[in-house]
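We name chains A, B, ... by the order of the sequence lines, and we start the count at 1 in each one.
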Amino acid sequence: MRKLLGQHEFYLAMILTVLVIAIGLANPAFLTRANLFDLCKSSTVMGLFALGVLIVLTSGGIDISFAAIGAFSMYVTSRLLLAVDFQGSVWVAFLLASLIGLALGLFNAVSINVLRLPTLIVTLGSASVFRGFLLAFIGTSIVNRLPAGMIAFSRRTLFEQTLATGETIGLSFSFVLYLLAIVAVAFVLRYTLLGRGIYALGGNAEAAERVGFNLRRVQFFIYGFVGLLSGVAGLVHACTMRNANPFDLVGTELSVIAAVVLGGASITGGRGTVLGAVLGVFLIVVINNSLILLGIPSYWQKVATGGVIIASVAITAIRKDGVRHAAASWR
Amino acid sequence: MKPVVAAQGISKHFGGVQALRDVSLSLHPGQVRSLVGENGSGKSTLIKILAGVYQPDSGTIHLDGVPCQHLHARQAVRAGVQVIYQDFSLFANLTVAENLALNTQIQSCRRFVNWRQVRRIATEALAKVGHEIDLDKSVADLTVAQKQLVAIAKALLHDARVIVMDEPTTALTKREVAALFRVIDDLRAKGLSILFVSHKLQEVREISDTITVLRSGRKVAEGDASQFSRDDLVFHMTGRRVETGTPPSRPGASQVLFEVRNLTRRNAFEQICFEVQRGEILGITGLLGSGRAELALALFGLEPVDSGTIRLEGRDIRLGNVSEAVIAGLAYVPEDRTLEGLFPPQSIERNMAIAGLGSFANRFGWLRPGQLRATVDRWMKDLSIRAPAQQTAVENLSGGNQQKVVLGKWLAAHTKLLILNGPTVGVDIGAKVDVHERIRSLVEQGLGVILISDDLPELLSLSRRVLLMSRGRIVKELTCESLDHDALAAELAELE
Ligand SMILES: Nc1ncnc2c1ncn2[C@@H]1O[C@H](COP(=O)(O)OP(=O)(O)OP(=O)(O)O)[C@@H](O)[C@H]1O
Ligand SMILES: [Mg+2]
């Protein structure tokens, strides 16, 4: 019990619960099944990105290029499948998008290892390269007619139910992908030596090498895997929006990173959990959604999100180490 | 008997610094060899070469008589060489259990983590050093001494044939050192070879069979431990005869500078009362976990306090607030320099100037680089900091020289009361005398000093009054008349 109380995730869950109850009281529409399904759907893309960001942050790096990779993979995949007039399963599209994402992620890993530059600089550069390449050589027009498989995927739902109004609601199938990714990442981080190597690298790179980790291999995994997840996230985004817009996604990087930090990951590496990241994403989605429901202008969403991030991180910092940490951060 | 590890004609340089010149060293089974030398004499560098962390410029390492061209860290581990690094090489973000077990898990080429096994390995390891530490605590929350014990336990875990200990005892008190020595005796009996590094010459003479002395990267003496007296060692290390000083005499009219009344923090210390006179060095000592480290942090506002007051020059200082403590004129030299006291990637100059930055600025807040450089230059000479330049990053200094930079940082600020927590931990004997001399001269200018230390000779050569702490309370005050080495040692032994 005492252990539970010491955990950041516990506080996050409390904040979330209180918030959900409060909003539900203010506007009963919030707690309807339809809206809950909607919340799940909205947190899927951000959540998939967040899992990748969590891994990178934990390893002590930072990746700014994931949104560009997502946009690149989904747009190229859609155009390619349309060009060959592909009629088959959506899984082929997912495979293609994730392979493209993986390739771009490995490009990051190679650059980081060869150039030996800070990951922030490398991925900032590569994000620009990916995006520029996409717009210059692949195209700038929005694809409004997606391949049939993708359309079918976007319609697929679970727990379907027809409301009195005649409207059918259900949980978007893409949420299942998100759940699978959550379990996979949690397993890797907690129960594989590779995952522990990621924590070790983020905690003390020199010691990680001395203890026998092959840091190069760990980094290739990290950036490759982030690329792969971003490819999947991009394609889910396209399916959800029912179009492939090459201008989408880019610009969401900071809010995803913020959600992960909100979830307790340390921006300097070594700390972070999947549960925290997932809760962080959900909290931000809930705030955005509720502000819309309460009829508050969307500019205020940004203010509210920022406020919650600062407040939550501050609470943990103060609670955890008392004055010491707060002092250490400026000393 | 054939040596297990032998280094032959090792040389190594970093940029313009020749860290090692043609050094040879061999480790035999069932023997403890000590390596001594001043700060920056190349001890840690030699160890890292033996462990395959650095490659030598010239010379070879023989493992079991077989020469290794490019010794790799993993290769050395496989050959049975385990190193306790000076900086511990632990993961602050991971738990004690995981820090202990990680290496075993990697060596066994597993892919998945078996958490039950992790706990078992960790429990076993800690049992070997005979100390209990909560396995689920993250290493960041341990005291320095506990970290050191974890690092030692980690090295003992493996079926090592050679264990290298780079200053394993810096933060340990008598009791833990005794436990460690029992472990070492045990290992020696089992036929392991040990390389032991320490600046505490008493320990060195007690534990070793043979001793090697380095000075400025060269081997200057080697032989059986019995053939070196303490003064011989000091002479070989420094090239001069060093005298330890005596405490500064008490100023004529005493004047209270600093007062602590009824300071209490639950589970740390209780009802602490004492005062420090102007020009006095007050010593505080005690065993591990006696609350002295927490007290030091609390005095400087780094830890919250439940009740009590502290006053400097008759004025109350708000508790639990570092910046107010600094402005009032308090300064603190921490126990754990890398975590609490330094900016490792920054230059010596910047690290030293940071606490007194205001005094180098002109009226408009611009820094005056010329004055800064000249002052830092003087401090580096005063503290005999061995480094190529002021611009050298602190992380590239030897451990002892880093400690001197921390000291310099606070000596530079305008301080009225200096709290020193293990100020000469890891500092060599020659430099220690210099640092002590510096502290004495500060005190003569009217400063007050609180000296927290385990080093009895240090306490005796600086303080005329020593407080003994145990279980969070001050249990005894020893003054001038009743203060000598044996009395202090006896009092400490009684506390156990
Ligand atoms: N990575 C590095 N880069 C540059 N210089 C270094 C590096 N490591 C060590 N040095 C230099 O090599 C010299 C020897 O350092 P070393 O750490 O071996 O000393 P040491 O004998 O262990 O001292 P101490 O007792 O203070 O730990 C020092 O002058 C140090 O500044
Ligand atoms: Mg050293």
Side-chain angles (χ1 to χ4, degrees), chain A residues 2-4 6-8 57-60 118 184 186-218 221 264-273 318-331, chain B residues 48 51-53 72-74 76-78 83 85 87-95 98-99 101-115 118 136 138-141 151 154 297-298 300-305 319-323 325-326 332 334 339-341 343 354-355 395:
Chain A
R2 242 183 69 215
K3 206 174 155 194
L4 185 70
Q7 231 119 59
H8 181 83
L57 284 188
T58 305
S59 77
F187 180 81
V188 168
L189 283 182
R190 177 83 190 145
Y191 289 104
T192 68
L193 221 48
L194 179 66
R196 301 321 289 172
I198 293 172
Y199 281 94
L201 172 62
N204 184 346
E206 206 178 330
E209 193 153 27
R210 284 181 196 164
V211 91
F213 281 113
N214 184 340
L215 294 192
R216 183 173 291 207
R217 212 152 68 194
V218 175
F221 170 80
S266 157
I267 200 100
T268 48
R271 281 175 211 278
T273 61
I318 293 168
R319 178 184 51 78
K320 187 150 179 271
D321 301 282
V323 197
R324 178 121 84 111
H325 246 235
S329 52
W330 59 259
R331 211 177 342 136
Chain B
K48 286 181 189 160
V53 174
H72 195 277
R74 250 169 295 170
V77 170
R78 216 169 302 136
V83 181
Y85 290 96
D87 58 4
F88 308 150
S89 219
L90 295 174
F91 302 100
N93 57 329
L94 302 182
T95 61
E98 201 170 3
N99 266 283
L102 207 49
N103 200 316
T104 318
Q105 303 252 325
I106 293 173
Q107 294 295 323
S108 61
C109 291
R110 305 175 64 99
R111 267 168 205 285
F112 300 106
V113 183
N114 177 347
W115 287 98
V118 166
D136 296 318
S138 97
V139 165
D141 298 333
K154 191 173 114 184
L297 290 172
F300 193 52
L302 283 169
E303 294 260 4
V305 169
L319 295 164
N321 185 318
V322 185
S323 77
V326 173
Y332 173 65
L339 278 183
E340 296 176 34
F343 303 93
I354 187 75
E395 63 192 350

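Here the closest non-hydrogen pair linking B:Arg110 and A:Leu193 is O-CD2, 3.3 Å. Smallest separation of non-hydrogen atoms from B:Ala140 and A:Arg271: CB-NH2, 4.0 Å.
Between B:Phe112 and A:Phe187, the angle of the ring planes lies from 30° to 60°, which puts this pair in the tilted group.
Among B:Val77, B:Val53, B:Val139, B:Leu90, the residue making the largest number of heavy-atom pairs under 4.5 Å with chain A is B:Leu90.
At a 4.5 Å heavy-atom cutoff, the contact between B:Ile106 and chain A is made by backbone and side-chain atoms alike. Both the backbone and the side chain of A:Phe213 have a heavy atom closer than 4.5 Å to some heavy atom of chain B. Of the atoms belonging to B:Phe88, not a single heavy atom falls under 4.5 Å from chain A.
Listed by chain and number, the residues in a salt bridge (Lys or Arg N to Asp or Glu O under 4.0 Å) with B:Glu395 amount to none (sequence neighbours excluded).
Around the CZ atom of A:Arg217, the shell of radius 6.0 Å holds no more than 12 heavy atoms that belong to other residues, nucleotides or ligands.
Applying the side chain to side chain donor-acceptor pair (under 3.5 Å) test to every pair with at least one member in residues 196-205 of chain A, sequence neighbours left out, gives these pairs: A:Arg196-B:Glu98.
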